[in-house]
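To keep things clear, I will list the structure first and then write my remarks on it.
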Amino acid sequence: MIDLKYLQKNFDEASAKLVKKGVDEAILENLKELFATLKSANATLEEAKAEQNRMSKLFGEYMREKKDITKLKAEVNAKKEEIVELQATARKAQEALEKVALAMPNFPDDSVPVGANEDDNVEIKKVLEPREFDFKPKEHWELAELNGWIDFERGVKLAKSRFSVLRGESARLERALINFFLDVNRQRGFEEVCVPFINNATMLQGTGQLPKFEDDLFKIDGEDLYLIPTAEVPLTNLYNDEILTAKELPILLTGYTPCFRKEAGSAGRDTRGMIRQHQFDKVEMVAITTPHQSEEIFKMMVENASDILTQLGLPHRLVELCGGDLGFSASTTIDLEVWLPGQNKYREISSISNTRDFQARRAKIRYKDGKKNVLVNTLNGSALAVGRTLVAIMENYQNEDGTVEIPEVLKKYM
RNA sequence: GGACAGUUGGGUGAGUUGGCUGAAACCACAUCCCUGCUAAGGAUGCGUACUCGUAAGGGUACCGAGAGUUCGAAUCUCUCACUGUCCGCCA
């Protein structure tokens, strides 16, 4: 959630930021007004309640002194009726505000490039040269078929489209990658955690998936529970509604989880292969930091993810997302895109974001800075998406006959 | 899933004849004082959110969550959640 006080006090500045992210200024104007309405509604309500409390206190005295209370009672009852109305008004204002505020995306950082969509993203640098092939490189699904690595049909049979089954060596490679990622992250200082893959609605709201993106989530029927779309949700919300101490920070977490996404709205995109599945494995990094620490940690996280790709010998590039392509919760995001020779292009394999205090405000994660409670900064990033790494290995390490070499660093994990 | 018990501030834990308890006490923590070190002692402070105020200092709400009874609820009623114990089931 954005800082509504800031929006109110510096409206022009705030709206300029959000326009960069593609938010209509009229909605912001509306939000500002709703906030002001709520404030004044609450003020009058609280005043009325204060009066009622004062009168109620008198009852005790009156009773002890055996005074007549009928007049006082009549007064309080009148006040009560007034309060009921004021309460309804305040409640309506509250609901109206929440509806808009929870759907409002985060402010982008000033340094974020202006742009409408992914075409305006800015490449920062390339790492490793793509390999020269003396044959036409195949796409991963062809290789998967040749090697018997992925069983698309039976995945669909078991669940539905966009599910698949890994078999034999590919299944072991998947497991090796998870272990490799976790080990690297741990060496960087991330604590490994193993969390529930199902979280409740409050947690999903904390990290920003709810209420706006309910359609992208698998919900458990009849329960207040959802399959997590990313480990960012449980890892960040580990500290939901907590007040940390300054010396605990930064907290660095890493965890492997499967991720479940409905992929609503991506019909027809990446229908072949396992680039876009309803269930995929991912190893995630999450950092809980002070505002002062977050820039540095962010850089470290980007470096870490890039380093993993380098260790795997996978050519990739770093891309800074423009305002229009930035996710809902992010202030700034750097994507890592891995080179896929079969597709002849770079594809996203990791996305690392600083959400500043946006998630912290929703999830009520604070720390004690002296006497004051201050919202933390939360960061998240993949290190890495496992399925897409598997795809990248297949395409980059393929031989002309369709066989695939195993990267050196993974051999000890197989 | 069934039965019973419980859910109070960072922790332990009072408070269940409704008002004087937003909450005793102890511990932890912070600042200060004293003691040459160490051990110990003393004073004060110490929940969260919103809100009014330059500030000092006020106001409102919160004793698992929600609803209700009442002039007034941590204290009474209902619903739900969670925890514990026993039973059932089970990797």
Test item: side-chain donor near acceptor, [X] and [Y], under 3.5 Å:
| X | Y | value |
| --- | --- | --- |
| Glu232(A) | Thr207(A) | no |
| Asp307(A) | Gln311(A) | yes |
| Glu405(A) | Asn399(A) | yes |
| Asn380(A) | Ser353(A) | no |
| Asp109(A) | Ser111(A) | no |
| Ser331(A) | Asn106(A) | yes |

Strand partner of U60(B), provided both Watson-Crick or wobble distances fall under 3.5 Å:
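Its partner is A49(B) (Watson-Crick or G-U wobble, both distances under 3.5 Å).
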Using purine N1 to pyrimidine N3 plus N6-O4 or O6-N4 for Watson-Crick, or N1-O2 and O6-N3 for G-U wobble, each under 3.5 Å, what pairs with U85(B)?
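Base partner found: A3(B).
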Using a cut-off of less than 4.0 Å, is there contact between a side-chain N or O of [X] and OP1 or OP2 of [N]?
| X | N | result |
| --- | --- | --- |
| Lys73(A) | U70(B) | no |
| Asn53(A) | G72(B) | no |
| Gln52(A) | G72(B) | yes |

Sticking with atom [atom1], work out how far [N] lies from [M], rounded to a whole angstrom.
| N | M | atom1 | answer |
| --- | --- | --- | --- |
| A30(B) | A39(B) | P | 15 Å |
| U16(B) | A24(B) | C1' | 16 Å |
| G18(B) | U69(B) | C1' | 11 Å |
| A23(B) | C46(B) | C1' | 15 Å |

Residues Asp241(A), Arg366(A); criterion salt bridge (Lys or Arg N to Asp or Glu O under 4.0 Å); working and verdict:
CA-CA 8 Å; Asp241(A) 200 16; Arg366(A) 296 142 294 172; 3.4 Å; yes
Give me the distances for all protein-to-nucleotides 73-80 of chain B N/O pairs that come in under 3.5 Å?
none

Whole angstrom value for the distance that separates [atom2] of [N] from [atom1] of [X]:
| X | N | atom1 | atom2 | value |
| --- | --- | --- | --- | --- |
| Gln94(A) | U60(B) | CD | P | 19 Å |
| Asn200(A) | A65(B) | CG | P | 16 Å |
| Gln87(A) | G68(B) | CD | C1' | 14 Å |

Contact pattern, 5' to 3', of nucleotides 47-53 of chain B - B, S or - by protein heavy atom under 4.0 Å:
-SS-SS-
Output the single nucleotide from G72(B), A67(B), G59(B) whose closest atom is nearest the side chain of Lys80(A).
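So the nucleotide nearest the side chain must be G72(B).
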Measure the acute angle between the ring planes of Tyr256(A) and Phe197(A), then classify it against the limits of 30° and 60° as parallel, tilted or perpendicular.
perpendicular
Please work out which of the three classes, parallel, tilted or perpendicular, describes the rings of Tyr6(A) and Phe107(A), given edges at 30° and 60°.
perpendicular
